[in-house]
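One structure is given below, encoded as structure tokens.
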Amino acid sequence: MMKIAVIGSTNMDLVSYTNTIPAAGETREATGFHTACGGKGANQAVAAGKLGANVMMVTVIGDDLFGEKSMDNFMENHIDTEYVWTATGVASGVATILVDSTSQNRILIHKGANACLTPEVIDEAADALRECGLIVLQLEIPLETVYAAIDFGVANGIPVLLNPAPATKELSMEKACLCDFFVPNETELAILTGMPTGTEDEIKKAAMSLVNRGLKNVIVTMGSKGSMWVSKNDFLVVPAQTVDAVDTTGAGDSFIGCFVENYSRTRSIPEAMKEASQYASFSVTRKGTQDSYLTRDEFDKLKK
Ligand code: ATP
Ligand code: RIB
């Protein structure tokens with residue numbers, strides 16, 4: 001089975017649920033709270049791992065209780081942790097998350113140890129990375145490391161998937177366009193192209209603008225509207241399942257984790273999108289990020 005390398009962030013998520021988001025200067029009582037392992041990189045790795053993929057995680061955790069918990073979590077989910085480093089004297093990445101009664105979230109991240117994932121790690125993990133068939137990246141680590149990983153993938157003929165989240169205009173689109181897969185949500189696509197993404201037609205045009213700049217495959221996640229694939233010769237919209245959403249945090253990560261697991265077996269983008277769409281739709285019906293991701297057995301029982 002093709003090995004997948006996720007080079008990305010690990011956070012501890014501190015999640016509060018509230019009917020109404022407090023205004024500036026206001027204090028409110030949360031309706032619920034939990035801590036859970038998160039971070040976009042870790043979430044994507046864990047989703048793929050839960051589904052049975054062969055995943056290697058390249059990340060930096062803090063030398064605190066959150067870091068220990070994250071390491072245990074990787075191991076419980078069968079993820080290769082040889083390149084999970086612990087930064088001495090540095091706190092783990094943390095995400096403070098507020099989820100409102102409409103299931104929308106607001107997230108504040110503190111990078112912590114994720115800032116220590118410098119380009120040198122790509123050199124240190126180079127031999128192991130060369131054994132991988134896909135490299136998966138997001139933007140919660142230094143941009144220089146993202147660029148080094150893209151260059152490594154290109155130089156070694158390893159396809160690279162970039163999830164440009166959280167979106168930053170500092171991202172070099174020249175580098176991003178070297179990727180084989182670019183997977184933004186609608187908002188990220190708008191920020192990174194400077195084009196409107198309010199309708200399917202606008203999303204298609206914005207995605208096409210990246211394809212015209214050399215990006216092979218742009219896959220846009222569109223929340224309850226599903227996902228869209230645009231390439232030079234392909235256009236596909238996969239609808240999301242109609243579900244009662246309670247918490248959409250990490251839906252995009254579950255989509256990507258499932259997409260890469262399926263793609264690593266089938267090499268079919270439409271098939272991987274269809275599975276990922278169902279998998280992510282299930283994830284929004286349960287609270288939490290990784291806690292809401294189904295295992296292979298659970299998913300096989302529920303999927304159509
Ligand atoms: P996040 O940043 O919270 O991880 P995202 O904005 O990156 O999420 P979305 O586009 O919201 O990602 O969602 C990813 C996928 O999850 C969608 O393509 C869809 O398949 C599924 N999904 C998200 N929200 C819903 C919903 N309300 N109903 C059904 N499916 C959903
Ligand atoms: O995409 C969801 C993730 O974003 C959360 O797990 C949180 O850690 C933030 O990084």
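Note that ligands are numbered from 1 as they come in the structure, with each ligand's atoms numbered from 1 the same way. Heavy-atom basis, side chains included; hydrogens, waters and symmetry copies ignored. Numbers for residues simply follow the sequence, beginning at 1.
Among protein heavy atoms, the minimum distance from atom 5 (C) of ligand 2 is reached at Asp13 OD2, 3.3 Å. Closest protein heavy atom to atom 2 (C) of ligand 2: Asp253 OD2, 3.3 Å. In this structure, the protein non-hydrogen atom closest to atom 3 (C) of ligand 2 is Asn43 ND2, 3.6 Å. Counting protein heavy atoms only, atom 3 (O) of ligand 1 is closest to Thr248 O, 3.0 Å. Looking from atom 4 (O) of ligand 2 to the surrounding protein, the closest heavy atom is Lys40 NZ, 3.3 Å.
Below 4.0 Å from some heavy atom of Ala245 lie the following atoms of ligand 1, by number and element: 27 (N). Counting atoms of ligand 2 from 1 in the listed order, those under 4.0 Å from a heavy atom of Glu140 are 4 (O), 9 (C), 10 (O). Of all atoms in ligand 2, listed by their number and element, those nearer than 4.0 Å to a heavy atom of Thr289 are 6 (O). Under a 4.0 Å criterion applied to the non-hydrogen atoms of Ala95, ligand 2 contributes the atoms 7 (C), 8 (O). Applying the 4.0 Å criterion to heavy atoms of Val243 picks out, from ligand 1, the atoms 28 (N), 29 (C). Every atom of ligand 1 is numbered from 1 in the order shown, and the set under 4.0 Å from a heavy atom of Asn105 is 3 (O). The atoms of ligand 2 that sit less than 4.0 Å from any heavy atom of Gly38 are 6 (O), 8 (O). Those atoms of ligand 2 with a heavy atom of Gly39 less than 4.0 angstrom away are 5 (C), 6 (O), 7 (C), 8 (O), 10 (O).
Looking at Glu186 against ligand 1, nothing comes within 4.0 Å, counting heavy atoms. With a 4.0 Å heavy-atom cut-off, ligand 1 is reached by no atom of Thr187.
Looking at ligand 1, you won't find any N or O of Glu188 less than 3.5 Å from one of its N or O atoms. Considering both main-chain and side-chain atoms, Phe255 never comes within under 3.5 Å of ligand 1 through any nitrogen or oxygen pair. Ligand 1 has no nitrogen or oxygen under 3.5 angstrom from a nitrogen or oxygen of Ser227. Of the polar atoms of Thr221, at least one N or O is found under 3.5 Å from an N or O of ligand 1, judged by distance alone. Considering backbone and side-chain N/O of Gly250, one or more are found under 3.5 Å from N/O of ligand 1. By the 3.5 Å distance cut-off applied to N or O atoms, Val284 is not counted among the residues near ligand 1.
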N/O donor-acceptor pairs under 3.5 Å from side chains in residues 237-245, not counting sequence neighbours:
none

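At a cut-off of 3.5 Å, with distance as the only test, no side-chain donor of Asn19 or Asp100 sits close to an acceptor on the other residue.
A cation-pi arrangement is present between Lys303 and Phe299, with the terminal nitrogen or guanidinium carbon under 6.0 Å from the aromatic centre and inside a 45° cone about the axis.
Salt bridge status for Asp300 with Arg296: present, with a side-chain N to carboxylate O gap under 4.0 Å. Using a 4.0 Å cut-off between charged nitrogen and carboxylate oxygen, Asp247 and Lys287 do not count as a salt-bridge pair. A salt bridge does not link Arg213 to Glu174: none of the charged nitrogens lies less than 4.0 Å from a carboxylate oxygen. A salt bridge does not link Lys204 to Glu202: none of the charged nitrogens lies less than 4.0 Å from a carboxylate oxygen.
The OG1 atom of Thr20 sits 11.5 Å away from atom CG of Leu98, with the distance rounded to the nearest 0.5 Å. Note that OG1 of Thr118 is 10.0 Å distant from CD1 of Ile141, once rounded to the nearest 0.5 Å.
Between atom 17 (C) of ligand 1 and the options Gly252, Cys258, Gly223, the minimum heavy-atom separation is to Gly223.
Among residues two or more places apart in sequence or in another chain, the ring pair (Phe, Tyr, Trp, His ring centres under 6.0 Å) test is passed with Tyr17 by His34.
Taking the six-membered ring for Trp and the full ring otherwise, Tyr263 and Phe181 have centroids separated by under 6.0 Å.
Put simply, no part of Gly252 is less than 4.0 Å from ligand 2, judged by heavy atoms.
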